Asks: 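Please find one structure pasted underneath; my questions will follow.
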There are 2 protein chains.
Amino acid sequence: MNEQRPIRAKSGANHEGTSAHNRRVIIDALRVNGALSRADLARATGLTKQAVSNLVETLENEGLIASEELVRKGRGQPSTPYRLVADGAYSIGLQIDRHVSRAIVVDLVGNILARATAEVPPRAPEEGIGVLLDLLADVRRDFAMNRPEAEARIAGIGVAMPGPFGVEIADDSLWLMQAWQSFPLVDRLAAGTGLAVSLQNDAAACATAERMVGAAHGLDHAVCIYVGYGIGAGLILGGELYSGAKGNAGEIGMVLFGQPENLVPLEHRASIASLYAMLDIEPADPQQFDKLERLVLEDDRRVGEWIERAGHDLRLAVHTAETLFDPQTVILSSGVPGSLMPRLIAAIEPLRPSLVPTAGRSVPRLRLGMTDPWAVAIGAAADPIRRAFDPSFSAILKRQGE
Amino acid sequence: MNEQRPIRAKSGANHEGTSAHNRRVIIDALRVNGALSRADLARATGLTKQAVSNLVETLENEGLIASEELVRKGRGQPSTPYRLVADGAYSIGLQIDRHVSRAIVVDLVGNILARATAEVPPRAPEEGIGVLLDLLADVRRDFAMNRPEAEARIAGIGVAMPGPFGVEIADDSLWLMQAWQSFPLVDRLAAGTGLAVSLQNDAAACATAERMVGAAHGLDHAVCIYVGYGIGAGLILGGELYSGAKGNAGEIGMVLFGQPENLVPLEHRASIASLYAMLDIEPADPQQFDKLERLVLEDDRRVGEWIERAGHDLRLAVHTAETLFDPQTVILSSGVPGSLMPRLIAAIEPLRPSLVPTAGRSVPRLRLGMTDPWAVAIGAAADPIRRAFDPSFSAILKRQGE
DNA sequence: TTATTAAGTCAAATTGCTTGACTTATTCGT
DNA sequence: ACGAATAAGTCAAGCAATTTGACTTAATAA
């Protein structure tokens, strides 16, 4: 037998894995439901009272959860609700965007504790890495100032940057960061900070944020379209972030729309880059959002045109996403604050009829998510927390690696 | 506290779950790799030799796996490879299509042991259920004839029918089975046969078949486009069949293509229904495939037109699927045998550049899968086996339910 | 005042993976 | 031809973590 090709198999599981999973399930239940007693947790997770009790005790000792006031609610012994402790863990988010980089520190429940920005040269990674490490050091120092023991509770650094990854793109016009593609960013950041570093694209980060603290809170099937300098979608499928075989799932900006003989990527018509190009706004301009907001409020003709065109294409993109993913909801998020995004939503609606049900919904088909320049950074920071504390198939297995 | 709304939480796990998972991992490893020794299994799954040994012993006693000849391959004690036993389990597949229904019995490795067809009235479920139960009884009797103990080893019945489910569709032209939508099919079949019954759409079934014995064997990320009377896609995401919030994920037939002012669903241009409409072939005609094949071989002008149009739309559909799902491969399957599908593939190619890598691939971007009228029935039959024996997140948890 | 209900604990039982030593069978080197 | 090295697989004890069932505690309802 020429048994030379590697054997492919999924990982087995053991007790440690189950226990780790159960921990995560409890943390997740507390995040989704607020505060729950041990008995509540036992019922909700299907575990026995005793198993929950043991896990709750451990989590309490670790400072991840804490009990609240006794609650009397009918007959029987009063229950002791438990709640996540915000200071149970911290996480650092780093967004590397085309014209600015942002670092942020959040706690376990998503409160923002520190932030800072820096300008990173988009075409010179070797130089940029120094800037990034300084930025991270800044924000870390700022955060740790009056929290002496907090350093040990940092779950890691989540990095988000525009995708796709590992792809040669002919059209460099919107894509200024080719140079970063081949740079060992994760390794260098890990070496420079001593923390675990993970990388994802900006849309995935945004989806993570929406799931942790935003419009997708508690949902297991959601498509989060992120309108940034580019445009992409983060996918929550079956309760987990889905990133595809090569980490590029959801790159809706590269989906082609328009006349069959003249197909253009969505990114050319519905990204902020395309809007700024029409408006002659410089993407590196610190005043960009103010300038834009003024034009939006003035009902600038070019802004109206863009909204109409982008809305038209996005209406179809939402329909396509609904049809292919069958989500509970579609969320439209953006790094642009102010009134642009509400107008865009208005231009997208009414949605086309699709296979998702319209009656009896608990969440709308399309919803506005965050509209905040820091949305991606927040999502990036949410990623290490997700990895450390959210239930997932891979977390249960012996050999990890998503 | 008005704690009235239900508590949402994921299910916990316990030892039984780990064990069940490890069983499935071993079965899966044997399916993907053919035959493996206990030591191989231990290395591949990350479990200890001992854990594997115990599981292998159990599986052997249950008749699901069996040892082969000793293999000497270098120093050390020779190894005993184990392999799946085809007769370890059986499964029944039932395809309910618009003009014919097919039942099939397969074994654990996908061999077909019996099959039969029947005509089911598409608009009269109450009458149709009798026909289906007779059909199932036929095929079951046929199969069990000379396998007296086999009845106990039937994992269940997998049913596949055209989707989407639970949707009111305005356009009834291609959709003749509205009446079945509100019919409690699964319950009635379960009651009438005494077996576990599961339901999925035909494209999902086809994807399941491709994964078990076809072009997606051993892959964890694949999109399987199924060209049947309608058209849909089955999604293998992260090693599992993905069906969305309401079971309708992958309904690519309803994705809109064409001129922006005249968008039409893919189904109108790339389904067999649309081809038959051009050719005046009656979908209920038993000779349909022969008639079609003759026209294809004659280079019939209308066939050429359809192939061109469908190929054009599918090229874009493949691009969209690649962009949104980032799969390892896209598979094109069909219920139509003969030379139509190879021609269609030829018309789709060359594929548009997309974000999936083109160089260094081990599988092509687009591949022809099954072209067999029985493909969906085989996939339907594969579903109970998948549920019973494939590793999945839900199988590890206390509370099941995909 | 007492029965009922529910939360939570205690301690033993059980399941199933892990550990480390051991046996067995084969090839390689001298 | 022989011993050393290597690898497969078994044995038996150890261990982690859930489960079980009885028990305690504390509240409300009748």
Side-chain angles (χ1 to χ4, degrees), chain A residues 1 3 7 10-26 35-62 65 67-82 395-399, chain B residues 1 3 7 10-26 35-62 65 67-82 395-399:
Chain A
M1 315 297 175
E3 190 66 73
I7 298 171
K10 306 216 183 302
S11 167
N14 60 11
H15 299 170
E16 237 177 297
T18 26
S19 175
H21 170 75
N22 290 341
R23 267 175 69 99
R24 286 167 184 252
V25 165
I26 286 177
L36 295 175
S37 69
R38 301 178 187 209
D40 287 336
L41 284 166
R43 277 187 297 268
T45 61
L47 292 168
T48 58
K49 285 187 294 186
Q50 191 53 239
V52 169
S53 241
N54 296 340
L55 291 165
V56 163
E57 194 188 343
T58 318
L59 290 170
E60 191 172 20
N61 288 338
E62 294 175 2
I65 67 176
S67 58
E68 300 191 322
E69 289 283 285
L70 280 189
V71 170
R72 276 163 268 268
K73 53 166 185 261
R75 285 187 180 177
Q77 173 170 328
S79 63
T80 317
Y82 285 81
I396 223 171
L397 306 178
K398 291 187 69 174
R399 273 192 327 235
Chain B
M1 317 293 176
E3 190 66 73
I7 299 171
K10 306 216 183 299
S11 167
N14 60 10
H15 300 169
E16 237 178 298
T18 22
S19 176
H21 170 75
N22 290 341
R23 268 176 67 98
R24 286 167 183 252
V25 165
I26 286 178
L36 295 175
S37 69
R38 301 177 186 209
D40 288 336
L41 284 165
R43 276 188 297 267
T45 61
L47 294 167
T48 59
K49 285 187 295 185
Q50 192 52 238
V52 168
S53 240
N54 297 339
L55 290 164
V56 163
E57 195 186 342
T58 318
L59 291 170
E60 189 172 22
N61 289 338
E62 293 175 3
I65 66 175
S67 59
E68 301 190 324
E69 289 282 287
L70 281 188
V71 170
R72 274 164 269 265
K73 54 165 185 260
R75 282 188 182 176
Q77 175 168 328
S79 63
T80 316
Y82 285 80
I396 221 169
L397 307 177
K398 290 187 71 173
R399 273 192 329 235

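No experiment lies behind these values; they were computed from the predicted model shown. These values consider heavy atoms only, across backbone and side chains, with no hydrogens, waters or symmetry-generated copies. Just so it is clear: chains get the letters A, B, ... in the order the sequence lines come, proteins before strands, and each one is counted from 1.
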Asks: So does A/Asn14 get a side-chain nitrogen or oxygen closer than 4.0 Å to the phosphate oxygens (OP1/OP2) of C/dT18?
Replies: yes
Asks: Expressed as a whole number of angstroms, how long is the span from B/Leu41:CG to D/dA7:C1'?
Replies: 16 Å
Asks: Between the opening five pairs and the closing five pairs of the helix from C/dT1-D/dA30 to C/dT30-D/dA1, how far apart are the helix axes, to 10°?
Replies: 0°
Asks: Over how many whole Å does the gap from A/Glu16 atom CD to C/dT15 atom P extend?
Replies: 22 Å
Asks: What is the separation between atom NE2 on B/His21 and atom C1' on C/dC17, rounded to the nearest whole Å?
Replies: 13 Å
Asks: Say you draw a straight line from CZ of A/Arg23 to CG of A/Asn54; how long is it, rounded to the nearest 0.5 Å?
Replies: 13.0 Å
Asks: Is any N or O donor-acceptor pair between the side chain of A/His15 and the base of D/dA17 shorter than 3.5 Å?
Replies: no
Asks: Within the 4.0 Å heavy-atom criterion, would you say B/Asn54 contacts the bases, only the backbone, or no part of the nucleic acid?
Replies: nothing
Asks: CD of A/Glu62: more than 12 outside heavy atoms within 6.0 angstrom?
Replies: yes
Asks: Picking from D/dT19, D/dA17, C/dT18, which would you name as closest to the side chain of A/Ser19?
Replies: D/dA17
Asks: Measuring from atom CG of B/Leu55 to atom CZ of B/Arg24, what distance do you get when rounded to the nearest 0.5 angstrom?
Replies: 13.0 Å
Asks: Test side-chain contact (heavy atoms from CB on, under 4.5 Å) on A/Thr45 and A/Asn22 and set out the steps.
Replies: CA-CA 8 Å; A/Thr45 61; A/Asn22 290 341; over 6 Å; no
Asks: Heavy atoms from C-beta onward define the side chain here; which of D/dT19, C/dT18, D/dA17 lies closest to that of B/Leu47?
Replies: C/dT18
Asks: Find the distance between CZ (A/Arg72) and CD (A/Gln77) and round it off to the nearest 0.5 Å.
Replies: 11.0 Å
Asks: With a 3.5 Å distance limit and no angle check, can you tell me whether A/Asn14 reaches the backbone of B/Thr18 through a side-chain donor-acceptor pair?
Replies: no
Asks: Answer yes if the side chains of B/Asn61 and B/Thr58 hold a donor-acceptor pair under 3.5 Å, and no otherwise.
Replies: no
Asks: Give the rounded distance in Å between these two atoms: CG of B/Leu36 and P of D/dA7.
Replies: 18 Å
Asks: Counting only side-chain N and O atoms of A/Asn22, is one of them less than 4.0 Å from OP1 or OP2 of D/dT18?
Replies: yes
Asks: Specify the separation, in whole Å, of atom CZ of B/Arg72 and atom C1' of C/dT27.
Replies: 11 Å
Asks: Walk me through whether B/Lys49 and B/Arg38 qualify under side-chain contact (heavy atoms from CB on, under 4.5 Å).
Replies: CA-CA 7 Å; B/Lys49 285 187 295 185; B/Arg38 301 177 186 209; over 6 Å; no
Asks: For the atom pair CD1 (A/Ile26) and CG (A/Leu59), what is the distance rounded to the nearest 0.5 Å?
Replies: 6.0 Å
Asks: How does protein contact run along nucleotides 2-12 of chain C, one letter per nucleotide 5' to 3', with B for base contact, S for sugar-phosphate only, - for none, heavy atoms under 4.0 Å?
Replies: --BBBBBBBB-
Asks: Round to the nearest Å and state the distance from A/Glu69 atom CD to D/dA27 atom P.
Replies: 13 Å
